[in-house]
Undergrad: 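Just passing along the structure, written as structure tokens.
Quick note: numbers below take in every heavy atom, side chains included, and nothing from hydrogens, waters or symmetry partners. Numbering of ligands and ligand atoms starts at 1, following listing order.
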Amino acid sequence: MSTAEGPDPELDPPLGPELGDGTRLAHAGDEPVVPGTPLRPSPVFAAPYHLGDQPPGTDGADAYARPDNPTLRVFERAVGELDGGDCLSFATGMAAISSAVLALVRPGDRVVLPSDGYYASRVLGREELERFGVRVELVPTLEIGDVAARGDLAGARLVMLETPSNPQLDVCDIAAVARATQAAGAVLVVDNTTATPIGQRPLALGADVVVAADTKALTGHSDVLLGHVSTARTERGRELHARVAAWRKTTGNPPGPFEAWLAHRSMGTLDLRLARQAQNAAALAELLSAHPAVTGVRWPGRPQDPSYALASRQMLRQNGVLSAVLADAEAVRTLVRRSRFFVAATSFGGVHSSVDRRAQWGGDAVAEGFVRFSCGIEDTADLVADLTRALDRLG
Ligand SMILES: Cc1ncc(COP(=O)(O)O)c(C=O)c1O
């Protein structure tokens, strides 16, 4: 137990990966025990803080909440422990991604982004980065490994991966791409949203930066927008961290304290939620694969899935996101109408199951009947019964 006098080295090793996910999540961000202080931290809402005699910033005291504040520090310590890096939190997942990219690139730089990842990251590249003279190249998740192996990343400044990719759930080899980006002198950024910090540790596989939309499974209750950037604990990682922190301070896009506090509270149950969500996804993948009205079922945890071999090697555990193709938009509408628990909603990772017909948004190259299922934490038997009933209406 840590006390105000300092850590006890026998009881206070850092929360390393040798501990179980449940333990690490329940204790991530713990502060030293001080008698009389709250068992769990409460949010601190202050914008300005009392100033002392010393010039602001020289005595380590908080002066103003935008660059940093006590509530963000607790959340960031917690997520940094899980990622194995140094974390900075942001108002949304896209705020985190755009900050990581914009803080690190200059006009004329070549940036490689996934062509089949979350569509807003592509829009960021094509509509914003190119406006500032950055050369953007889009590469499919399944091809980036070959591009790296051919040496074609030479000259890139930044490479971003999204694995598993959203929504088609393809997987690429982070360690192999990390070796290539390192040789090319490029920064490797991995969007770890779908996997979560307990499902995959890109920094341990050689990435320089992890970005994530904590709006999804990390917080998992569909009631908060949040994102983070974690940088490797290397000399280069520390330089990148300083750049991203300066960017956040100047552009002013940290989360509010309430969101950071709520996120820290919510992530304590991620181990339990992910276990049920993955169990539900496994059952649904079987159900969908066996149904004549469904094709193209994808879940990287299913042995028949094209991503399975690499996902099993690279990922630590699976989650509740899967995808499949129905006949058309009308078939998806029928499914949603006939289902009690799979509501139409465009997010994933929450405690409630949902389904999203991605073609309706126009950003992904998918069939009209392509759907992303997000399994919640409902009982598996109930979800299977519900979806069986709804699928049988499709004929
Ligand atoms: C993989 C991925 N990255 C980033 C984002 C953006 O997150 P936010 O909506 O919090 O900005 C999303 C949102 O769906 C996502 O799926």
Side-chain angles (χ1 to χ4, degrees), residues 75 79 83 87-102 113-129 138 140-141 144 160-172 174 189-197 199-200 202 207 209-230 248 251 253-256 258-260 262-263 266-267 277 298 300 307 311 315 319-323 344-350 352 354-366 370-375:
F75 174 65
V79 177
D83 274 340
C87 170
L88 288 162
S89 52
F90 288 85
T92 66
M94 283 317 298
I97 292 170
S98 58
S99 295
V101 175
L102 284 160
L113 300 177
S115 63
D116 51 356
Y118 183 55
Y119 79 96
S121 297
R122 281 195 296 286
V123 176
L124 170 72
R126 284 283 187 244
E127 292 183 16
E128 307 299 347
L129 295 180
L138 300 178
T141 300
I144 187 72
M160 187 169 129
L161 308 179
E162 188 182 304
T163 176
S165 60
N166 168 30
Q168 300 193 71
L169 305 177
D170 282 324
V171 168
C172 63
I174 297 173
V189 178
V190 177
D191 185 332
N192 205 35
T193 300
T194 310
T196 84
Q200 184 167 269
V209 180
V210 162
V211 292
D214 302 328
T215 310
K216 314 297 172 189
L218 186 78
T219 58
H221 291 71
S222 308
D223 54 9
V224 62
L225 280 164
L226 203 78
H228 80 267
V229 175
S230 284
R248 185 181 73 171
T251 58
N253 55 358
F258 181 78
E259 282 75 10
L262 184 60
S266 303
M267 64 190 259
Q277 288 169 335
R298 296 296 311 271
S307 294
M315 297 179 71
N319 54 72
V321 184
L322 68 160
S323 63
T346 188
S347 194
F348 57 90
H352 308 94
S354 62
V355 57
D356 191 18
R357 189 175 74 80
R358 292 301 302 169
Q360 71 188 316
W361 304 103
D364 299 324
V366 291
F370 177 95
V371 278
R372 184 183 62 209
F373 290 89
S374 176
C375 295

Undergrad: Kindly write out the residues that satisfy side chain to side chain contact (heavy atoms under 4.5 Å, CB included) with H352, not counting sequence neighbours, or none if the list is empty.
TA: E378
Undergrad: Under the salt bridge (Lys or Arg N to Asp or Glu O under 4.0 Å) definition, can you give me all pairs with a residue in residues 114-125, not counting sequence neighbours?
TA: R122-D364
Undergrad: Within a strict 4.5 Å, meaning less than it, do heavy atoms of the R248 and V229 side chains meet?
TA: no
Undergrad: Which atom pairs, nitrogen or oxygen on both sides, join ligand 1 and the protein at under 3.5 angstrom?
TA:
from     : atom 1 : to   : atom 2 : distance (Å)
ligand 1 : 3 (N)  : D191 : OD2    : 2.8
ligand 1 : 10 (O) : G93  : N      : 2.8
ligand 1 : 10 (O) : T215 : OG1    : 2.6
ligand 1 : 11 (O) : G93  : N      : 3.2
ligand 1 : 11 (O) : M94  : N      : 2.8
ligand 1 : 14 (O) : K216 : NZ     : 3.0
ligand 1 : 16 (O) : N166 : ND2    : 2.8

Undergrad: Taking side-chain hydrogen bond (donor to acceptor under 3.5 Å, both in side chains) as the test, write out the residues that go with E128, two or more places apart.
TA: R131
Undergrad: Any donor and acceptor pair, going by atom type alone, linking the side chain of N319 with main-chain N or O of T194 inside 3.5 Å?
TA: yes
Undergrad: Can you confirm whether the side chains of T141 and D170 place a donor and an acceptor under 3.5 Å from each other?
TA: no
